[in-house]
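Counting starts at 1 for both ligands and their atoms, following the listed order.
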Amino acid sequence: MKTKLFVDKNLSIAPISKYLFGSFIEHLGRAVYTGIFEPGHPLADKNGFRQDVIDLIKELNVPIVRYPGGNFLSGYNWEDGIGPKEERPTRLDFAWQTLEDNSFGTDEFMRWCKKTSIEPMMAVNLGTGTPKEAGNLVEYCNFPRGTYYSDLRIKNGQVEPYNIKYWCLGNEMDGPWQICHLSAEDYAKKALETAKIMRWVDPTIKLIACGSSSAEIETYPEWDRVVLETLYEQVDYISMHRYYWYQDTIENFFGSYKDMDDFIHTIKSTADYVKAKKRSSKVMKISFDEWNVWYLDEWKPAGWKKAPHILEDQYSLKDALVFAGMLNTLVNNADRVEIAALAQLVNVIAPIFTKENGNVFKQTIFYPFFAVSNYGRGTALRAIKTGPQFTSKYGEVHYVSEAVTVNEEKREVALFLVNYASELMEVDLELRSFGNIKAFDYQFIKHADLEIKNTFDAENVKFEKGVVPIVDKNETTLRLEPLTYNVYRFKY
Ligand code: AHR
């Protein structure tokens, strides 16, 4: 099979926001407890933060982390998680039906962010929470001093305000599973009043409204229209969430990257419709703040325990290929998607997996994220592609998913290619307007068994080094093995 890719330095989509490589930590299962936070672990620091986990997060080059949820958020009282630990209450978390002892809260998260040099993306509870409670949290975090909540922060040991910039107005409020789920109209009204109070406390913050939690929910995309019509001038981003998992046919699973692209286009169009209706000059950006492969049909409550083993999906090579296609879709929409959060970061549907009091391993999905987050910074380029396609429930889908980035400072071009075909794919590549360009790195992921996973004992799926292709007069032919992920890097 043959695909042709034409890449021109001048065909740019947009500069890639660093926040496209964000992630997410929720109070869910072992994401926090025995994930990032495990006092007493041999590699934990004095705050209980696991250094082995931090090292892997640094490898992933994650700039921003959304916290504390997720569904958990909609029942969370942030005041339970501050102050002396012995006075913090243990609560029932209705979202995941577990126990939350609140030994990790806002100040611990902010300390962890400081240690990891990660920016926080904080979320306020619009389920059981009130607009005033959301404003109080902004006051606690961002107000300098001399008021009840800012002085409480100082009393709790943090003198300087945290100055948190990004704030989510609730989580998936369109979902009937959400604690105190709302209709679009009710959510929009509550979010508007909350946004007003939060901005009165700190006018510099950026706000993210809840958009549709999937493209399959009945209220999509009407939800987004209603929410944006009320909140257009108050918020900076509309959120999107999307998970895929293998359900019926491999074609439908491999077609996920195209469906995600269609989903983004619909939300863009919906936002632009509202923009036109309001005669506004503002372009609404997207925060794709939950995305991943997740076998969500497999989740079951584990009883009222603290940090149970739930949502601990173990990812195969097949999952990693779908994941890589989704990541390409995000890069190809860099003109509108400014923030994205891989859901999640540790243990819970995550690239990093820990053992309590033990070691850690990289899941298969770790590798595509590592590659794009480290080599895909700069500007996204639109490749012109012709080639064979397969049929899925999302329509015709190219066997090759591609993302192309150029880093002008380093004078590097990177190509991230998934071959979803079960046979060799030759890619005729033309690289225009780069002058003299040469390949210097080729890495790929492959395995004879598509179901293979990584474990604590065996890293079955990881990057292997390949022979770099010779570029002659800006042209070359790449050979993608069947069912592989491929990363090529060039210098010009
Ligand atoms: O990431 C897991 C869950 O998926 C989140 O809590 C929720 O927002 C979404 O449904």
Checklist line | Heavy-atom neighbours of K189 NZ exceed 12 at 6.0 Å | finding: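 Atom NZ in K189 is not crowded, with 12 or fewer foreign heavy atoms closer than 6.0 Å.
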Next item on the list: Flag this pair as yes if the NZ/CZ of K306 is under 6.0 angstrom from the six-membered ring centre of Y33 and inside a 45 degree cone about the axis; otherwise no.
Entry: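 Yes, K306 sits over the ring of Y33.
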Next item on the list: Flag the pair D80 and R91 as a salt bridge only when some basic side-chain nitrogen lies within less than 4.0 angstrom of an acidic carboxylate oxygen.
Entry: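 Here D80 pairs with R91 in a salt bridge, since their nearest N and O are under 4.0 Å apart.
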Next item on the list: Please report the closest heavy-atom contact between D174 and I217, naming both atoms and the distance.
Entry: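 For D174 versus I217, the nearest heavy atoms are O-CD1, 3.5 Å.
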Notebook entry, point to check: Parallel under 30°, tilted from 30 to 60°, perpendicular over 60°: which one fits the rings of H27 and Y76?
Noted result: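 Ring orientation, 0 to 90° scale: parallel.
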Next item on the list: Decide yes or no for Y375 and F370: does some side-chain heavy atom of the first lie under 4.5 Å from some side-chain heavy atom of the second?
Entry: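 Yes, side chains in contact.
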Filter the ligand 1-protein atom pairs down to N or O on both sides and distance under 3.5 Å, then list them.
unit_1	atom_1	unit_2	atom_2	d
ligand 1	1 (O)	Y243	OH	2.8
ligand 1	1 (O)	E290	OE1	3.4
ligand 1	1 (O)	Q344	NE2	3.0
ligand 1	4 (O)	Y243	OH	3.4
ligand 1	4 (O)	E290	OE1	3.1
ligand 1	6 (O)	E26	OE1	2.6
ligand 1	6 (O)	E26	OE2	3.1
ligand 1	6 (O)	N71	N	2.9
ligand 1	8 (O)	N71	OD1	3.4
ligand 1	8 (O)	N171	OD1	3.2
ligand 1	8 (O)	N171	ND2	3.0
ligand 1	8 (O)	E172	OE1	3.4
ligand 1	8 (O)	E172	OE2	3.4
ligand 1	8 (O)	E290	OE1	3.2
ligand 1	8 (O)	E290	OE2	2.7
ligand 1	10 (O)	E172	OE1	2.7
ligand 1	10 (O)	E172	OE2	3.2

